[in-house]
Amino acid sequence: MARHLITSAIPYINGIKHLGNLVGSQLPADLYARYLRARGHEVMFICATDEHGTPAELAAAKAGKPVADYCAEMHAVQKTLAEGFRLSFDHFGRSSSARNHALTQHFARRLAEHGLIAEVTEQQVYSPTDGRFLPDRYIVGTCPACGYANARGDQCENCTKQLEPRDLINPRSAISGATDLEVRTTRHLYLRQSLLRDRLRAWITSRTDWPVLSTSIALKWLDDGEGLQDRGITRDLTWGVPVQFPGAPWQGMEGKVFYVWFDAPIEYIAGTAEWADAHGLPDAAWRRWWRTDEGANDVRYTQFMGKDNVPFHTLSFPATILGSGEPWKLVDYIKSFNYLNYDGGQFSTSQGRGVFMDQALALLPADYWRWWLLSHAPETSDTEFTWENFQVSVNKDLADVLGNLVSRVTKFCRSKFGEAVPAGGEGGPREAGLAADLAARIRAYEGHLEAIEVRKAAAELRAIWVAGNEYLQAAAPWSVVKTDPDTAAAQTRLALNLIRLYAVLSRPFIPDAAETMMAALGCTDWTWPDDVPAALAILSPGHAFATPDVLFRKVTDEERADWQARFSGTRT
RNA sequence: GGGCCCGUAGCUCAACGGUCAGAGCGGGGCGCUCAUAACGCCUUGGCUGGGGGUUCGAAUCCCUCCGGGCCUACCA
């Protein structure tokens, strides 16, 4: 038994996430966590909401609510949706928690003590009308290169030219439209991560087993141009972790908070502390996951994230950890994902394009989405969601291959032997062959899950389901029963045990259906099939079962067309 | 502008520089009748984006062009 710490990139607070967000971190992290638990490992799976930053403040203002209230409400919404998708977090925390405030301030102080914090005075655009400093992209104006009227201060979306806010003609606030912008002097803390460049490079180049997506992005940031740049870690905002606090090694930082990307990854640690608090456990309970001097030496830490998050997890956060000089656990493996596109374009939270988590659950149960998303996870390149593909995949894999298998076996048994595992007969070469075939496939399935090869694992699981149908077709108990009832009974007994085996194996992907299968069999034995022949004999003669309802229904052409039309525009 | 990733069958994807480039879906045929008109078997289908090069051997390595995507440090 090993100990696994798993974190998913924490979803931003300003709204409900779409399926692309889900498949890019939380869902594959859940698959991995569920698999490792099934194998008997000790798992700590942490996620949270990322609640700070300008967009949260603006979203709250738009909703007409205090930002703290808005975040609390949206956290509750996201927590409910996570539960709806059966994301098995040990704790779903909040980056605004007291724990994260304390830890973020702790790390900042430690970094300062090691000479890794610089105070920098700089000029930034301020909008008196909005009462806030404006990030570059919140300043819009006419592009000096192409004349596009709504170019952003960081880049013109029309001609893709990189811009500075001062380049814009007739600049105005993207929030209020105000034009009375002024440049003000402000002072900020910078993380001197350039000083850690060599240590970071040594660490990253030693991670030879990471996906190329993870390492190539990190190396580019380390070596591009003048190399890794120092990074501002504070902002002039009100909602966040205060920079000025008792014991802070700097002065005059009132009214400033830490940058969201500084405090967000620290929430992985703080979220584990929140977990301990929620269970009334002492600090040692969470520190044994994070402090290598307090028991975390044998922990394997895996992070899941979309490719846009990679720089922060390979550079900024490790710089924080390394720079602290304290024995905090560094990540062992970073699994990063490309993007899921929607019907020829991108999913977009800001534009309301695509299918969002709440909408998806209103259409179909979580397992349908989990299966499609995981079996099509964008591991090597961006992947496209289309309704046709979704319909075909769900109907064929879930309804026909797995669901119908459960149905044909239980109904056949009910009609010929009654609703109990039949006695009599014994297996022969065909049954031994099936067990051997399944054993080989299960070992391959385990290998793919341990390597977090999500699509390959899904394909192998499907092949395992298919093997059941192949066996039934070859054994043909519906024919055998006419002349040799004992042999048919043995075949049926094996087939019923196959359902139990499939419930165990499928649970990481489709937890609800797995529970339904197991419940129908009146069984609670979720033991992982290390010994396949033994696993195929757990349900013994006389064990009663119930013929379940349709496990997965099919998506009709009418529904597909309806959904396609309904989700073709933007969310209102 | 710079960097990275991707381009393989109608579709979604596989293939440590090494048997004939493989699966699933779709198409065609056969079988079965227990089952959600479900299942199984067979079959169809590719100049691996174009062009050059390295090599005994290239989907794989190098160059170049074309197409798509992402990042480029103040959105997160």
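Just the heavy atoms: all of them, side chains too, but no hydrogens, waters or symmetry mates, feed the values below. Below, read A as the first sequence line, B as the second, and so on, with proteins coming before strands; counting in each chain starts at 1.
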Report each atom pair, protein N/O against N/O of nucleotides 38-42 of chain B, whose distance is under 3.5 angstrom.
unit_1	atom_1	unit_2	atom_2	d
A38(B)	OP1	Lys554(A)	NZ	3.1
A38(B)	O5'	Lys554(A)	NZ	3.1
A38(B)	O2'	Asn404(A)	OD1	3.2
A38(B)	O2'	Asn404(A)	ND2	2.3
C39(B)	OP1	Lys396(A)	NZ	3.1
C39(B)	O2'	Arg408(A)	NH1	3.0
C39(B)	O2	Gln473(A)	OE1	2.9
C41(B)	OP1	Glu470(A)	OE2	3.1

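Stacking between Phe412(A) and C34(B) is absent: the aromatic ring centre is not both under 5.5 angstrom from the base six-membered ring centre and within 30 degrees in plane angle.
The base of C74(B) is paired with the side chain of Gln124(A) by a donor and an acceptor separated by under 3.5 Å.
The side-chain hydrogen bond (donor to acceptor under 3.5 Å, both in side chains) contacts involving residues 118-127 of chain A comprise Glu119(A)-Arg187(A), Glu122(A)-Gln124(A), Glu122(A)-Tyr190(A), Gln123(A)-Thr185(A), Ser127(A)-Asp130(A), where partners must be two or more places apart or lie in separate chains. Here side-chain hydrogen bond (donor to acceptor under 3.5 Å, both in side chains) pairs that include residues 473-488 of chain A, with residues two or more places apart or in two chains, are Asp484(A)-Thr487(A).
Regarding contacts with the backbone of A76(B), every side-chain N or O of Arg137(A) stays at 4.0 angstrom or more from both OP1 and OP2.
For the P atoms, the distance from U60(B) to G2(B) is 25 Å, rounded to whole Å.
Every stem involving RNA chain B, taken as at least 3 paired positions in a row under the Watson-Crick or G-U wobble test at 3.5 Å, is listed here: B:1-7 with B:66-72, B:10-13 with B:22-25, B:26-31 with B:39-44, B:49-53 with B:61-65.
The ring-ring contact (aromatic ring centres under 6.0 Å, His included) check on Phe337(A) picks up nothing, with sequence neighbours excluded. By the side chain to side chain donor-acceptor pair (under 3.5 Å) test, Asn404(A) pairs with no residue at all, sequence neighbours left out.
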I'd like to know whether Glu57(A) forms a side-chain contact (heavy atoms from CB on, under 4.5 Å) with Tyr70(A), so could you lay out the CA-CA distance, the side-chain angles of the two residues, the decisive distance to 0.1 Å, and finally the verdict.
CA-CA 9 Å; Glu57(A) 294 193 355; Tyr70(A) 172 81; over 6 Å; no
For Tyr268(A) and His313(A), run ring-ring contact (aromatic ring centres under 6.0 Å, His included): C-alpha distance rounded to whole Å, both residues' side-chain angles, the deciding distance at 0.1 Å, then the answer.
CA-CA 11 Å; Tyr268(A) 296 146; His313(A) 289 80; 5.7 Å; yes
